[in-house]
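Reading through the structure tokens given below for one structure.
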Amino acid sequence: MAAPGGSGSCFVLGASGATGRALLRELCTQRPFSRVTVIGRRQLSLPEGSGVAVEQAVVDFERLGEHADAFRGHDVGFCCLGTTRSKAGADGFVRVDRDYVARAAELARAGGCKHFVLQSSQGANERSSFLYLRVKGEVEKLVEAVGFDRCTILRPAVLLCTRQEFRPAEWISQRVLGFSARFFPTAFSVPVETVARAMVASVLQPSGEKVEVLENKAIHQLGKAVPQPGT
């Protein structure tokens with residue numbers, strides 16, 4: 001198990017997204033690992049001065065098998081990889097959110113990864129008639145089948161965050177849900193920072209279960225429970 005100031009290694013998939021950026025900041029703040037590898041399709045601006053060695057591995061997700069070295073030698077893998085149907089189309093969404101993630105999980109397991117932490121979605125169900133929820137359910141099952149020593153799946157509700165690009169419908173829904181969160185804080189939404197803290201906390205505070213599924217309320221609870229530096 002990793003601990004603050006630890007000497008282990010982890011990788012992060014999807015560090016360019018809202019949750020991935022929050023996760024990377026949390027890893028540099030909590031410092032459960034001495035080495036963090038960001039695996040993605042392009043170079044990113046990374047945090048500096050955290051005392052954590054943050055490396056980058058640029059990969060072609062269409063030829064992921066050629067980048068097995070990027071997944072080798074990590075204790076834990078964090079996956080926030082995902083896109084939207086509006087951005088990538090239906091086929092592109094399936095390829096990114098299911099196929100890329102499942103292939104990355106296989107490479108991670110082959111490279112010695114023991115614990116895989118996957119950001120999924122509230123309502124994920126491989127039998128759903130809705131493409132988004134069905135794909136999320138399918139990728140959960142594929143990752144579980146890889147056979148990690150530990151697999152943690154987080155199913156957050158609507159993510160509250162500041163997007164790099166403007167999405168009008170999401171902007172409106174986030175403000176409505178942000179207001180609702182004052183009265184029902186764990187029901188309909190969750191800040192990406194809370195999801196990130198819960199992902200790290202799942203490593204620092206293992207449940208003892210081989211496969212652990214955290215629904216939105218549990219994400220809120222675990223995200224608040226994570227020890228802060230100096231406490």
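Heads up: numbering here begins at 1 and tracks the sequence.
Rounding to the nearest 0.5 Å gives a distance of 10.5 Å between CD1 of Ile39 and CG of Leu81. Of the inter-residue distances, the one linking Leu154 atom CG with Glu212 atom CD reads 8.0 Å to the nearest 0.5 angstrom. Going from atom CG of Leu133 over to atom OG of Ser120 covers 8.5 Å, rounded to the nearest 0.5 Å. To the nearest 0.5 Å, atom CG of residue Asp97 and atom OH of residue Tyr132 are 6.5 Å apart. Going from atom OG1 of Thr19 over to atom CG of Leu24 covers 12.5 Å, rounded to the nearest 0.5 Å. From Arg63, atom CZ reaches atom CZ of Arg103 across 13.5 Å, with rounding to the nearest 0.5 Å.
In the hydrophobic cluster analysis, where Ile, Leu, Val, Met, Phe, Trp and Tyr join through side-chain heavy atoms closer than 4.5 angstrom, Leu142 is grouped apart from Leu107. Residues Val143 and Leu64 share a single hydrophobic cluster, defined by chaining ILVMFWY side chains whose heavy atoms lie under 4.5 Å apart. The hydrophobic clustering, which links ILVMFWY residues whose side-chain heavy atoms are closer than 4.5 Å, places Leu118 and Ile219 apart. The hydrophobic cluster containing Val146 also contains Val96, counting ILVMFWY residues as joined when their side-chain heavy atoms lie under 4.5 angstrom apart, directly or transitively. Leu27 and Leu204 fall within the same hydrophobic cluster, where Ile, Leu, Val, Met, Phe, Trp and Tyr residues are linked whenever their side-chain heavy atoms come under 4.5 Å apart, directly or through other members.
Under the salt bridge (Lys or Arg N to Asp or Glu O under 4.0 Å) criterion, Glu126 pairs with no residue, sequence neighbours left out.
When all heavy atoms are compared, the tightest approach of Pro156 to Leu159 is CB-CD2, 3.8 Å. When all heavy atoms are compared, the tightest approach of Ala104 to Leu13 is CB-CD1, 3.5 Å.
Of the possible polar contacts, one joining the Gln56 side chain to the Leu44 backbone as a donor-acceptor pair under 3.5 Å is found. In this structure, His220 contributes its side chain and Pro191 its backbone to no donor-acceptor pair below 3.5 Å. Counting only distance, with no hydrogens or angles, the side chain of Asn125 and the backbone of Gly137 share no donor-acceptor pair below 3.5 Å. Looking only at distances, no side-chain donor or acceptor of Asp75 sits under 3.5 Å from a matching main-chain atom of Lys114. Here the side chain of Arg150 pairs no donor or acceptor atom with the backbone of His115 at under 3.5 angstrom.
At a threshold of 4.5 Å between non-hydrogen side-chain atoms, the residues Val190 and Gln122 do not count as touching. The closest side-chain heavy-atom distance from Lys136 to Arg155 is not below 4.5 Å. A heavy-atom distance below 4.5 Å is not found between the side chains of Cys10 and His74. Side-chain contact between Arg109 and Asp149: present, with at least one pair of heavy atoms (C-beta onward) separated by less than 4.5 Å. Within the 4.5 Å cutoff, the side chain of Leu222 has heavy atoms near those of the Ser202 side chain. Between Cys80 and Leu23, some side-chain heavy-atom pair lies under the 4.5 Å cut-off.
Under the 30°/60° scheme for interplanar angles, the aromatic rings of Phe78 and Phe33 are found to stand perpendicular. Tyr100 and Phe61 have parallel rings, their planes meeting at less than 30° on a 0 to 90° scale where 60° marks the start of perpendicular.
When each of Ile153, Val211, Val101 is tested with Glu140 by the rule side chain to side chain contact (heavy atoms under 4.5 Å, CB included), just one qualifies, namely Ile153.
Note on residues 133-154: pairs passing ring pair (Phe, Tyr, Trp, His ring centres under 6.0 Å), not counting sequence neighbours, are Phe116-Phe148.
Enclosure of atom NZ in Lys141 is not indicated, since only 12 or fewer non-hydrogen atoms of other residues, nucleotides or ligands lie within 6.0 angstrom.
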